[in-house]
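Since the structure comes first, as structure tokens, the remarks are kept for the end.
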There are 2 protein chains.
Amino acid sequence: MATAHRPKDPQRREKIIAATLDVIAEHGIAGTTHRRIAAAAEVPLGSMTYYFSGMEELLTEAFMLMATTVSRRYMEIMDAATTREEAREAVVEVITGDIWETPRTLTLSYELYAFSVKNERVREVIRHWMSQSRVAIGRHFDPMTTYALDAAVEGLTIHRSFQPEITRETVREIVDRLTREDEPPARL
Amino acid sequence: MATAHRPKDPQRREKIIAATLDVIAEHGIAGTTHRRIAAAAEVPLGSMTYYFSGMEELLTEAFMLMATTVSRRYMEIMDAATTREEAREAVVEVITGDIWETPRTLTLSYELYAFSVKNERVREVIRHWMSQSRVAIGRHFDPMTTYALDAAVEGLTIHRSFQPEITRETVREIVDRLTREDEPPARL
DNA sequence: CCGGTAAGTGTACAAGCGTACACCTCCGGG
DNA sequence: CCCGGAGGTGTACGCTTGTACACTTACCGG
């Protein structure tokens with residue numbers, strides 16, 4: 001029969017994908033190897049080719065997981081805001097909060113962007129992520145403000161990681177300024 | 001004597017550095033090897049270890065060249081503006097103009113950021129680049145506007161590369177909006 | 001004209017890589 | 001009880017990599 005004998009472990013695959021992100025974060029794509037991932041995931045080397053057709057698939061799936069996870073967190077923060085003032089604070093939180101505080105996520109973002117240059121599927125995921133972000137912001141602000149805020153989130157997050165002298169207060173002031181003359185959307 | 005016999009070729013070294021950027025742009029850091037660079041630069045493999053202590057040095061020098069070059073171009077565009085309106089247009093030009101139009105520079109930027117995570121010297125170069133950018137923008141706008149514009153340049157450049165529907169006109173509108181209530185600095 | 005020496009290179013090697021696949025394990029049906 | 005076959009893995013292979021270093025080249029002082 002086609003029934004599985006030993007219950008094939010569906011967690012094995014996801015464990016490997018998660019481990020891949022760890023390895024990328026620590027060594028960069030350039031230093032990411034099947035062996036290192038296998039060690040990090042605590043699975044035998046043979047599992048790598050059993051579950052994945054090759055490096056490309058491994059990286060693609062890992063980055064898809066990462067994008068989805070961060071995007072979801074981003075949406076949660078934005079959607080939790082109900083008033084205009086909360087929305088402003090939410091944007092500040094997205095820029096300065098714990099999503100990015102760990103260098104890990106930011107490091108992964110750089111590698112993600114670099115990898116996307118050579119991988120259409122990942123590019124598609126990024127486009128979707130960006131669209132979602134604009135939808136989330138757009139629930140609180142008018143379209144032009146939304147574009148500006150969205151770009152500011154990207155730019156400030158990156159710049160702050162290199163120049164910590166850009167404080168949360170400065171970010172707050174910039175967000176206030178960007179949203180000062182905004183026409184709120186008709187419905188919440 | 002200590003005089004050089006055959007005039008040692010100082011261009012060889014720079015040629016290799018330039019070729020390194022070409023290889024990174026085409027294959028990513030992960031696909032960058034001594035052999036590929038040697039082929040691109042049309043120099044023998046032995047030259048690689050003769051002029052550079054290893055991959056790290058090669059990449060570091062290449063990224064330093066790139067950052068310096070792009071930063072200089074950026075400054076030129078900003079400094080050419082003399083009126084407030086020209087300054088606005090200059091910012092739009094930096095975001096949508098030919099610095100970034102070629103995917104090459106943007107691709108290299110992603111790789112640059114990724115590499116900087118593991119290289120303090122490159123991180124320092126990026127910090128300097130960012131400071132310079134803010135000085136260039138700061139000549140035309142007040143400090144808070146400068147922060148906002150600087151972040152917008154980073155964010156919009158990246159987002160536009162994934163979402164071409166963000167037109168030059170949209171960028172123009174965002175820049176106008178960011179600079180509308182700005183207090184110009186005392187002296188031009 | 002001819003050594004000596006600095007400049008530069010071809011080649012070889014060990015390490016580490018991705019990947020394939022022969023093999024083992026173990027359960028469910030008969 | 002045993003056997004067929006699916007699930008999973010250890011190992012080995014061919015290849016590419018970074019790097020060192022013995023060597024060749026060609027000039028310049030004498």
Side-chain angles (χ1 to χ4, degrees), chain A residues 1-63 111 114-115 118-119 121-122, chain B residues 1-63 111 114-115 118-119 121-122:
Chain A
M1 268 298 154
T3 56
H5 296 289
R6 174 112 60 90
K8 90 169 185 180
D9 187 1
Q11 308 199 303
R12 185 72 109 226
R13 198 164 194 280
E14 311 208 348
K15 199 175 166 191
I16 292 172
I17 294 172
T20 303
L21 285 178
D22 291 341
V23 174
I24 296 171
E26 192 175 346
H27 301 280
I29 292 180
T32 298
T33 67
H34 281 139
R35 278 160 236 260
R36 272 211 250 254
I37 296 168
E42 297 179 294
V43 301
L45 179 60
S47 291
M48 293 295 123
T49 44
Y50 183 75
Y51 289 105
F52 301 91
S53 68
M55 252 299 175
E56 178 96 5
E57 186 181 340
L58 215 29
L59 294 174
T60 304
E61 299 244 13
F63 281 126
E111 297 285 350
F115 183 68
K118 296 194 288 182
N119 188 290
R121 206 146 132 248
V122 166
Chain B
M1 270 297 151
T3 55
H5 297 286
R6 173 113 61 89
K8 90 170 186 181
D9 188 1
Q11 308 198 305
R12 185 73 107 227
R13 197 163 196 281
E14 311 207 349
K15 199 176 167 191
I16 292 172
I17 294 172
T20 303
L21 284 178
D22 292 340
V23 174
I24 296 170
E26 192 175 344
H27 301 281
I29 293 180
T32 297
T33 67
H34 281 140
R35 277 160 239 261
R36 270 211 252 254
I37 296 167
E42 296 179 292
V43 300
L45 179 60
S47 291
M48 293 296 121
T49 44
Y50 183 74
Y51 288 105
F52 302 90
S53 69
M55 252 299 174
E56 179 96 4
E57 185 181 341
L58 216 30
L59 293 173
T60 304
E61 300 244 13
F63 281 126
E111 298 284 350
F115 183 69
K118 295 194 286 183
N119 187 291
R121 205 146 133 249
V122 166

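So you know, we letter chains A, B, ... as the sequences are listed, proteins then strands, and number each from 1.
B:M48 places none of its side-chain heavy atoms less than 4.5 Å from the side chain of B:T33.
Using a 4.0 Å cut-off between charged side-chain N and carboxylate O, B:R13 and B:E61 make a salt bridge.
Across A:G28 and A:E111, no two heavy atoms sit closer than the pair CA-OE2, 3.3 Å. Contact detail for B:E26 and A:K118: the closest heavy-atom pair is O-CD, 4.3 Å.
Mapping A:S53 and B:G46 onto DNA chain C by nearest heavy atom places B:G46 at the nucleotide closer to the 5' end. The nearest heavy atom of DNA chain D to A:S47 and to A:R35 marks one nucleotide each, and the one closer to the 5' end goes with A:S47.
The nearest whole Å value for the distance from the CD1 atom in B:I37 to the P atom in D:dT17 is 11 Å. For the pair B:F52 CZ and D:dA20 C1', the interatomic distance rounds to 18 Å; values are reported in whole Å. One interatomic measurement links the two molecules: CG of B:L45 to P of C:dC13, which rounds to 16 Å at whole-angstrom precision. If you take CZ of A:R13 and P of D:dG8, they are 12 Å apart, rounded to a whole angstrom. Atoms CG (A:L58) and C1' (C:dC17) sit 14 Å apart, rounded to a whole Å. When rounded to the nearest whole Å, the span between OH of B:Y51 and C1' of C:dA6 equals 12 Å. Across the protein-nucleic acid pair, A:M48 atom CE and D:dT9 atom P stand 10 Å apart, rounded to whole Å. Distance B:I29 CD1 to D:dT17 P: 16 Å, rounded to the nearest Å.
In this structure, A:M55 reaches the sugar-phosphate backbone alone: every heavy-atom distance under 4.0 Å involves primed, P, OP1 or OP2 atoms, never a base.
The side chain of A:P44 sits closest to D:dG10 out of D:dG10, D:dG8, C:dG10. In this structure, of C:dG18, C:dT19, D:dA20, it is D:dA20 that holds the atom nearest to the side chain of B:T49.
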